[in-house]
Every structure is written in C-alpha cells, then in structure tokens.
Amino acid sequence: EVQLVESGGGLVQPGGSLRLSCAASGFTFSSYAMSWVRQAPGKGLEWVSRINSGGASPSYSESVKGRFAISRDNAKTTVFLQMNSLKPEDTAVYYCNSRIWGSEYWGKGTLVTVSS
C-alpha cells in the first residue's frame with residue numbers, strides 16, 4: 001500500500017532551521033510529483049511546495065519563497081523540505097502529498113513549532 005511518513009519536525013526558535021523528510025513506499029516514487037502542504041492551528045490546508053518527478057521545476061507559495069527549498073532523492077524514495085529563517089507563522093503540521101492514479105495520498109504529518 002502507499003505510505004508516506006514525515007519526520008523532522010520539532011520545536012525551533014524564530015530564525016532557526018529544520019529539515020523535514022518524507023519517506024515514500026508502495027508506488028513508483030520516481031514517476032510522481034510530490035508536494036508539501038501544511039495546516040496551522042485553527043486554519044485550513046495551505047500548499048507550500050511542489051517538485052516534479054525528476055526533481056526539477058520546484059515551486060513555492062509566496063509565504064515561503066526564498067526561505068524553503070524542496071528536493072528529492074529518487075533512489076531513497078524520499079522528498080525533503082529544508083526550512084530556513086523560520087517564523088512563528090510557519091508553525092503548522094506539515095504533510096507530504098501526492099496524486100497517484102487519480103487519488104490523493106497523505107502522510108500523517110509532522111509538527112513544526114516556531115516559538116521562543
């Protein structure tokens with residue numbers, strides 16, 4: 001079965017950095033684009049970043065552009081999100097996501113808390 005497992009979240013001070021990982025299994029990882037989506041407390045889902053199947057054409061929301069960087073290692077079937085210059089408003093549960101054969105798949109998320 002398709003599995004997406006996020007890791008790397010935690011508590012970090014404003015201005016700090018975290019690197020999130022999403023380990024994928026159960027499908028041909030190298031054939032699919034991957035996305036990161038987040039949900040802040042009390043708010044809806046917000047798309048953060050996307051990368052195509054070959055690791056090219058990364059895209060970002062305006063709120064994270066210039067601070068976050070998405071990448072992937074198809075040999076390790078893992079997608080990453082490097083988060084720098086973190087702000088309190090980045091506090092959220094971060095999910096990785098992919099559309100596979102017309103269905104959306106999600107991990108359980110990893111919590112990032114940016115606070116002093």
Side-chain angles (χ1 to χ4, degrees):
E1 72 281 13
V2 172
Q3 288 190 307
L4 302 172
V5 182
E6 303 93 338
S7 62
L11 176 64
V12 64
Q13 295 187 179
S17 297
L18 283 175
R19 179 178 166 92
L20 306 183
S21 298
C22 174
S25 61
F27 65 103
T28 306
F29 180 77
S30 62
S31 294
Y32 295 92
M34 298 295 298
S35 294
W36 287 97
V37 180
R38 68 186 182 185
Q39 186 168 34
K43 296 190 175 182
L45 294 170
E46 178 191 14
W47 172 80
V48 174
S49 185
R50 182 184 187 273
I51 189 167
N52 75 8
S53 61
S57 302
S59 58
Y60 305 92
S61 67
E62 287 297 317
S63 62
V64 308
K65 191 174 297 181
R67 300 187 298 119
F68 291 10
I70 190 170
S71 62
R72 67 191 293 163
D73 185 337
N74 283 347
K76 297 184 183 296
T77 67
T78 302
V79 62
F80 305 95
L81 186 68
Q82 178 66 46
M83 306 185 297
N84 300 321
S85 302
L86 284 162
K87 304 175 180 178
E89 50 263 47
D90 294 319
T91 295
V93 177
Y94 285 72
Y95 301 93
C96 62
N97 158 262
S98 188
R99 175 174 287 199
I100 303 167
W101 284 102
S103 297
E104 297 287 339
Y105 291 87
W106 301 80
K108 295 186 184 298
T110 186
L111 177 62
V112 173
T113 303
V114 185
S115 176
S116 298

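Side-chain atoms of E89 and S63 include no donor-acceptor pair closer than 3.5 Å. No side-chain N or O of Y60 forms a donor-acceptor pair with one of W36 less than 3.5 Å apart.
In this structure, CZ in R72 is found 7.5 Å from OG in S30, a value given to the nearest 0.5 Å. From W47, atom CH2 reaches atom CZ of R38 across 11.0 Å, with rounding to the nearest 0.5 Å. With values rounded to the nearest 0.5 angstrom, Y95 atom OH is found 13.5 Å from E46 atom CD. Within the model, atoms OG of S59 and CZ of R50 stand 6.5 Å from one another, a figure rounded to the nearest 0.5 Å. Summarising the geometry, atom OG belonging to S49 is positioned 12.0 Å from atom CG belonging to N97; distances are rounded to the nearest 0.5 Å. A distance of 10.0 Å separates CZ of R19 from OG of S7, quoted to the nearest 0.5 Å.
Residues W106 and V2 are members of separate hydrophobic clusters, defined by side-chain heavy-atom contacts under 4.5 angstrom among Ile, Leu, Val, Met, Phe, Trp and Tyr. Both L81 and V12 sit in one connected hydrophobic cluster of ILVMFWY residues. Membership requires side-chain heavy atoms under 4.5 Å apart, directly or through other members. In the hydrophobic clustering of this structure, Y105 does not group with V93; members are Ile, Leu, Val, Met, Phe, Trp, Tyr whose side-chain heavy atoms approach within less than 4.5 Å, directly or through other members.
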Please tabulate, one pair per line, all N/O donor-acceptor pairs under 3.5 Å involving side-chain atoms of residues 108-116, not counting sequence neighbours.
from, atom 1, to, atom 2, distance (Å)
T110, OG1, G9, N, 3.1

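K65 pairs by the salt bridge (Lys or Arg N to Asp or Glu O under 4.0 Å) definition with E62, not counting sequence neighbours.
In terms of heavy-atom proximity, K76 sits nearest to T78 at O-OG1, 2.9 Å. Nearest heavy atoms, D90 versus S85: OD2-O, 4.4 Å. Here the closest non-hydrogen pair linking S53 and S31 is CB-C, 3.6 Å. Considering every non-hydrogen atom in both M34 and I70, the closest pair reads O-CD1, 4.1 Å. Nearest approach of L4 to C22, heavy atoms of both residues: CB-SG, 3.9 Å. What you find for V79 and S71 is that their closest heavy atoms are CG2-O, 3.2 Å.
Using a 4.5 Å heavy-atom threshold, the side chains of F80 and I51 count as separate. Side-chain contact between L20 and E6: absent, with no pair of heavy atoms (C-beta onward) separated by less than 4.5 Å. Residues I100 and F29 fail the side-chain proximity criterion, which asks for heavy atoms closer than 4.5 Å.
Judged purely by atom type and a 3.5 angstrom limit, N74 has no side-chain atom pairing as donor or acceptor with the backbone of T77.
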